[in-house]
Amino acid sequence: MEEVAIPHYFLCPISLEIMRDPVTLCSGITYDRESIEQWIFCSKNKTCPITRQPLPDLDMTPNHTLRRLIQAWCVTNAANGIERIPTPKPPVDKEQIIKLLEEAMNAQTQIKSLLNLKAIASQSERNKRVIEAAGAVSTLSFIVRNNYTSIEEVTLDGDIESTRAGDEALTILYNLQLSEEGLRNLAGENADFIPSLLQVMQVGDYKSRAYATLLLKSISKVLDPVHLLGLKVEVLQEIVNVLRDQISHQATKAALEILIQVCPWGRNRIKAATAGAVSALIELLLDTDERRACEMILVVLDQLCKCAEGRAELVSHNAGIAIVTKKILSVSPVASERAVRILHSIATFSANSTVIQEMLQVGVVSKLCLVLQVDCEMKNKLKAKEILVRHAKAWKNSPCIPLYLLSSYPSNVRQQ
């Protein structure tokens with residue numbers, strides 16, 4: 001078979017591949033539908049790739065003439081291995097989605113319509129935006145709330161079909177990757193939606209709990225601080241349970257992101273510590289060596305150790321101080337900085353004689369001396385030095401400190 005030259009006007013200007021479904025933008029340039037949707041919806045560009053003109057109208061007009069030319073060319077060159085491009089299905093429109101959403105409110109057609117919506121959403125980013133624009137947020141959130149109205153009803157009645165509808169609606173809501181406006185509507189117009197997510201996290205299966213956690217993470221990023229500050233301890237308790245159960249890597253990461261988002265506020269720190277977050281984080285830190293996971297865990301622990309409840313939980317855990325110390329200079333500069341900050345909080349506010357001795361025995365002093373020796377951030381060195389100076393009387397003459405590290409002990413302390 002001889003090599004066939006493809007006419008340049010059959011190629012998509014973005015991908016430089018033959019167009020299967022050519023569409024024309026308001027700028028007058030024709031692209032392959034999949035490529036231009038990727039450009040607009042996934043990469044969030046609002047300009048024409050060729051002309052760089054703003055696109056006030058994102059409507060895409062099918063270029064039937066060009067498509068027929070491409071199909072005819074494919075047929076003509078079939079002997080050279082060119083396959084005919086099938087006629088594309090017309091894209092889903094808003095009216096179709098509205099009809100499916102109406103059917104989703106009917107008990108007899110609910111599951112079927114939800115499955116259809118899920119399939120449509122999975123086909124393209126454009127479909128997700130059409131589904132959201134058709135009012136899916138309101139309908140889907142209602143189905144979730146309606147199917148998880150009461151923990152007792154779900155667990156005692158065992159209505160599998162009912163909970164399945166709620167789970168399917170929850171899955172679609174997450175997979176839509178809602179816009180910021182959609183997330184705000186989800187949390188703002190449906191004041192009881194977060195309590196519904198809490199119920200899913202309490203009684204749902206692992207998959208539903210994971211989706212609820214992931215959705216809660218997305219919502220937490222757009223909530224106003226006043227709403228984050230008002231989170232109930234029950235919500236934080238379920239986030240901690242997700243960390244303990246490690247239901248999925250994604251869910252664990254989402255739970256950590258939620259805690260990072262909500263724990264800068266003192267009230268939430270106390271709630272999280274009361275819910276057992278510190279011990280769950282320590283156990284997680286003991287089980288992972290992944291850089292990003294360690295950094296996120298240490299960020300949360302640093303925040304929690306700014307309150308007395310968090311510090312008390314950390315020092316009472318048999319492995320708390322030891323595992324934090326171990327991560328210094330062994331993960332990343334970010335992890336080292338956070339670990340030193342945690343130890344600084346402990347050494348400043350919670351350092352009774354037992355804690356001081358434990359810090360010496362598990363290698364805190366040696367590690368801090370090492371921090372003073374290596375090339376790292378000056379603020380890290382200053383905090384390490386401050387800890388060593390603060391408890392010099394108990395530590396500076398200890399045989400637990402190797403001689404090669406003792407030379408790094410602050411000189412003004414060694415001479416005392």
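Taking 4.0 Å as the cut-off between side-chain N and carboxylate O, Lys381 and Glu377 do not count as a salt-bridged pair. A salt bridge does not link Glu386 to Lys383: none of the charged nitrogens lies less than 4.0 Å from a carboxylate oxygen. The residues Arg209 and Asp167 are annotated as not salt-bridged, no charged nitrogen and carboxylate oxygen being separated by less than 4.0 angstrom. Salt-bridge formation is detected for the pair Glu337/Lys379: a Lys NZ or Arg NE/NH1/NH2 atom is positioned less than 4.0 Å from an Asp or Glu carboxylate oxygen. Ion pair Glu309/Arg269 not flagged as a salt bridge, since none of the NZ, NE, NH1 or NH2 atoms sits closer than 4.0 Å to an Asp/Glu carboxylate oxygen. Salt bridge Glu102/Lys99: absent, no basic N to carboxylate O contact under 4.0 Å. Electrostatic pairing of Glu181 and Arg184 does not count as a salt bridge here, judged by no charged N lying under 4.0 Å from a carboxylate O.
Tyr211 and Tyr174 have tilted rings, their planes meeting at an angle from 30° to 60° on a 0 to 90° scale.
For the atom pair CZ of Arg129 and CZ of Phe41, the computed distance is 8.0 Å after rounding to the nearest 0.5 Å. Expressed to the nearest 0.5 Å, how far CG of Leu304 lies from CG of Asn268 amounts to 10.0 Å. A distance of 7.5 Å separates CD1 in Ile323 from SG in Cys294, rounded to the nearest 0.5 Å. Going from atom NZ of Lys128 over to atom OG of Ser122 covers 8.0 Å, rounded to the nearest 0.5 Å. Rounding to the nearest 0.5 Å places CD1 of Ile247 at 12.5 Å from NZ of Lys207. Distance check, rounded to the nearest 0.5 Å: NE2 of His64 to CG of Asp21 gives 9.0 Å.
Checking Thr87 against Gln71 by side-chain atom types alone, a donor-acceptor pair falls below 3.5 Å. A donor-acceptor contact closer than 3.5 angstrom is absent between the side chains of Asn116 and Ser113. With 3.5 Å as the limit, one finds a donor-acceptor pair spanning the side chains of Thr30 and Thr24. In this structure, a donor-acceptor pair under 3.5 Å is absent between the side chains of Ser279 and Glu313.
Closest approach of Ala212 to Val200, counting heavy atoms only: CB-CG1, 3.9 Å. The two residues Ala104 and Ile143 have their closest heavy-atom pair at O-CD1, 3.7 Å. Contact detail for Ile297 and Thr288: the closest heavy-atom pair is CD1-CG2, 4.0 Å. Between Ala394 and Ile356, the closest heavy-atom pair is CB-CG2, 3.7 Å. Shortest non-hydrogen contact noted between Val331 and Ala335 is CB-CB, 3.7 Å. Across every non-hydrogen atom of Leu298 and Leu285, the tightest pair is CD2-CD2, 3.9 Å.
Checking each of Met19, Gln38, Met60, Arg20 against Arg33 for a side-chain contact (heavy atoms from CB on, under 4.5 Å) leaves exactly one that passes, namely Met60.
In terms of modelled atom types and a separation under 3.5 Å, the side chain of Ser141 and the main chain of Ser138 share a donor-acceptor contact. Side chain of Trp395 to backbone of Met359: no donor-acceptor contact under 3.5 angstrom is found. With Asn146 contributing its side chain and Phe142 its backbone, the two residues share no donor-acceptor pair below 3.5 Å. Between the His317 side chain and the Ile282 main chain, no donor and acceptor come within less than 3.5 Å of each other. A donor-acceptor distance shorter than 3.5 angstrom exists from the side chain of Thr109 to the backbone of Glu103, with no hydrogens or angles considered. No side-chain donor-acceptor contact under 3.5 Å links Arg84 to the backbone of Ala72.
For the pair Met296/Arg338, no side-chain contact is recorded, criterion being any heavy-atom separation below 4.5 Å from C-beta on. For the pair Pro264 and Gln303, the minimum side-chain heavy-atom distance is below 4.5 Å.
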Exercise for review: Go through the steps for Leu173 and Phe193 under the test side-chain contact (heavy atoms from CB on, under 4.5 Å), then give the verdict.
Suggested key: CA-CA 12 Å; Leu173 276 173; Phe193 186 70; 3.8 Å; yes
Review point. Going through the checks in order, is the salt bridge (Lys or Arg N to Asp or Glu O under 4.0 Å) test met by Glu180 and Lys221?
Key: CA-CA 9 Å; Glu180 184 172 325; Lys221 290 184 176 181; over 6 Å; no
Practice item. For the pair His344 and Arg341, evaluate side-chain hydrogen bond (donor to acceptor under 3.5 Å, both in side chains) and give the outcome as yes or no after the intermediate values. Key: CA-CA 5 Å; His344 187 272; Arg341 286 173 58 163; over 6 Å; no
Practice item. For salt bridge (Lys or Arg N to Asp or Glu O under 4.0 Å), just list the numbers for Arg244 and Glu283, CA-CA rounded to whole Å, side-chain angles, deciding distance to a tenth of an Å, and then say yes or no. Key: CA-CA 8 Å; Arg244 284 205 179 102; Glu283 297 298 329; over 6 Å; no
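By the neighbour-count criterion of 12 heavy atoms within 6.0 Å, atom CD of Glu295 is densely surrounded, having more than that number from other residues, nucleotides or ligands. Around CD of Glu95, the count of heavy atoms belonging to other residues, nucleotides or ligands within 6.0 Å exceeds 12. Heavy atoms from other residues, nucleotides or ligands lying under 6.0 Å from NZ of Lys306 number more than 12.
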